[in-house]
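Notes follow once the structure below has been shown.
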Amino acid sequence: MIDRNMQKLGEERSAIRELFEYGNALKRTLGEDTVFDFSIGNPSAPTPECVRETAIALLREMPPELLHGYTSAPGCEEARAAVAEELSKMSQIRVPSRLIYMTCGASASLAIALMALVTAGEEVVVPAPYFPEYAVFVREAGGTLVPVPTDPRFHLDFDALDRAIGKNTAAVLVNSPNNPTGAVYSEEEMRRLGLLLEKKSGERGAPVYLLADEPYRELSFSGKVTPPFSVYSNTVVLYSYSKALSLAGERIGYLAVSPRMKEGEAVFSALAGAARRFGYVCAPALFQRIVARCTGMHADFSVYEENRALLLKHFRGMGYEFSEPQGAFYLFAKCPSLPSDFFERAKKKGVLVVPSESFGIEGYFRLSYCVPTERIQGSIPRFEALLKEANGKIE
Ligand code: PLP
């Protein structure tokens, strides 16, 4: 019998994917040059040479049946050890490889962590705006997503968090550098969050877990991102190489449990159980070995920096309202007119940006600037026209 809930989920719309497919169809019929597709966060920085060289070396060095064979369910030892070493260096806390579970990217990490740490009826507190798939993963784990507003710069609002986290809160899920806003939480902010969660865990009599979703960890323009393990013991890090190494299609990432967590081994077993339940054991073997040798490296992000500078200059000059992104590769700006009107007009001009509704907030649009710089340059006159139209100055 068909599980109608799964059918419904399969048919549920994803605003980002829908736009991405629409853009691809438009490019096929009208040509690449007429479409300014800023819908999806598909990295445009070239995958670094170390990835290609390691892939070639591994293909030459290792017997194919070994290279392409199963690894242990949580991953091969080289990969887990390399990740543990990097996290230890970053957080200045010794992280053992036995607390690392290699996954098929951050999506798998999210699905596994939420399935493992949220029981039916519990709540997951998420600062809004947030990555839309969070809603799906929380719901499928039997939980309820509780969105919490952020401040005008999209940083944490501690009064709102204090009110939202209660006896029924299983976890707080944060994402810094942030998709869609580009906000990067400061060290002080992260420390305050750690203290709040200590207090709330005490009141609850059970841990409120911090789930730190970090696929953009290396993409902070100030170079600073506070390691979540250093601020709170009941933390699980969810990581992906999709953006750091421009490997989005290869599906590789990991989950890491803090060595300071009291019931860390039990939490790791629950993660392993959830991974087993989903059939997510043994992440892609070739890419586990590649990332083992490329951990600590990242793609050359200069294209994002150039695109960001160009957008900030022009968007400021034109008069768009936005909070300057400090990381990731997204610009989150206010719609200059009624959103439905703005998105229709943008689409007609071949400009594809994502409405903010699916991120849990109204009235904004997200522009993914991980595209070739010419696409940004070409889109500027169109954004200018959109603003003029919104202000009633149609020329
Ligand atoms: N979390 C956030 C905040 C993201 O932006 C993304 C992808 O864009 C993911 C998770 C999923 O990443 P992955 O490609 O590793 O599944």
Side-chain angles (χ1 to χ4, degrees), residues 14-20 37-45 47 51 75 79 83 101-115 124 126-138 140-141 145 147 150 154 171-185 210-220 225 228 236-256 275 278 280 283-284 287-288 290-291 295 298-299 301 304 325-332 353-354 356 358-361 366-371:
S14 151
I16 301 174
R17 286 269 159 197
E18 226 172 75
L19 265 176
F20 177 58
D37 183 358
F38 305 120
S39 62
I40 205 166
N42 216 355
S44 60
T47 303
V51 170
V83 168
Y101 200 106
M102 302 304 293
T103 63
C104 304
S107 302
S109 301
L110 281 160
I112 292 170
L114 290 161
M115 183 59 71
V124 178
V126 182
Y130 54 82
F131 179 54
E133 291 298 291
Y134 288 174
V136 176
F137 295 130
V138 171
E140 295 307 311
L145 187 148
T150 45
F154 304 114
V172 174
L173 170 55
V174 298
N175 166 227
S176 168
N178 187 268
N179 172 12
T181 66
V184 180
Y185 301 158
L210 174 61
L211 303 181
D213 180 25
E214 295 201 298
Y216 303 95
R217 183 195 291 151
E218 294 78 8
L219 265 158
S220 161
V225 168
V236 179
V237 166
L238 299 81
Y239 185 77
S240 162
Y241 294 91
S242 292
K243 320 289 172 169
L245 293 176
S246 295
L247 283 178
E250 302 298 353
R251 317 311 300 136
I252 188 79
Y254 62 78
L255 282 155
F278 285 126
Y280 277 164
F287 278 87
Q288 285 192 50
I290 290 174
V291 300
T295 288
H298 60 73
F301 297 141
Y304 306 143
Q326 305 300 320
F329 39 51
Y330 305 103
L331 181 74
F332 199 63
V353 287
V354 185
S356 65
S358 54
F359 300 105
I361 192 171
R366 186 194 76 173
L367 187 164
S368 303
Y369 59 80
C370 45
V371 296

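Note that ligands are numbered from 1 as they come in the structure, with each ligand's atoms numbered from 1 the same way. We use all heavy atoms of the structure for the numbers below, so side chains are in, but hydrogens, waters and symmetry mates are not.
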### Task
Give a yes or no answer on whether the side chain of Arg251 reaches the backbone of Ala106 with a donor-acceptor pair at less than 3.5 Å.
no

Got a second to check how far [X]'s [atom1] is from [Y]'s [atom2], nearest 0.5 Å?
| X | Y | atom1 | atom2 | value |
| --- | --- | --- | --- | --- |
| Thr295 | Ile290 | OG1 | CD1 | 11.5 Å |
| Tyr130 | Asp213 | OH | CG | 14.0 Å |
| Glu133 | Glu140 | CD | CD | 10.5 Å |

Can you produce the list of protein nitrogen or oxygen atoms under 3.5 Å from a nitrogen or oxygen of ligand 1, alongside each distance?
{"residue": "ligand 1", "atom": "1 (N)", "partner": "Asp213", "partner atom": "OD2", "Å": "2.6"}
{"residue": "ligand 1", "atom": "5 (O)", "partner": "Asn179", "partner atom": "ND2", "Å": "2.7"}
{"residue": "ligand 1", "atom": "5 (O)", "partner": "Tyr216", "partner atom": "OH", "Å": "2.6"}
{"residue": "ligand 1", "atom": "8 (O)", "partner": "Tyr216", "partner atom": "OH", "Å": "3.3"}
{"residue": "ligand 1", "atom": "8 (O)", "partner": "Lys243", "partner atom": "NZ", "Å": "2.9"}
{"residue": "ligand 1", "atom": "14 (O)", "partner": "Ser242", "partner atom": "OG", "Å": "2.9"}
{"residue": "ligand 1", "atom": "14 (O)", "partner": "Arg251", "partner atom": "NH1", "Å": "3.1"}
{"residue": "ligand 1", "atom": "15 (O)", "partner": "Ala106", "partner atom": "N", "Å": "2.7"}
{"residue": "ligand 1", "atom": "15 (O)", "partner": "Ser240", "partner atom": "OG", "Å": "2.6"}
{"residue": "ligand 1", "atom": "15 (O)", "partner": "Ser242", "partner atom": "OG", "Å": "3.0"}
{"residue": "ligand 1", "atom": "16 (O)", "partner": "Ala106", "partner atom": "N", "Å": "3.4"}
{"residue": "ligand 1", "atom": "16 (O)", "partner": "Ser107", "partner atom": "N", "Å": "2.9"}
{"residue": "ligand 1", "atom": "16 (O)", "partner": "Ser107", "partner atom": "OG", "Å": "2.6"}
{"residue": "ligand 1", "atom": "16 (O)", "partner": "Arg251", "partner atom": "NH2", "Å": "2.6"}

### Ring centre gap for Phe154 and Phe359 strictly below 6.0 Å
no

#### Entry: Nearest heavy-atom neighbours spanning Ile16 and Pro132
CD1-CG, 4.1 Å

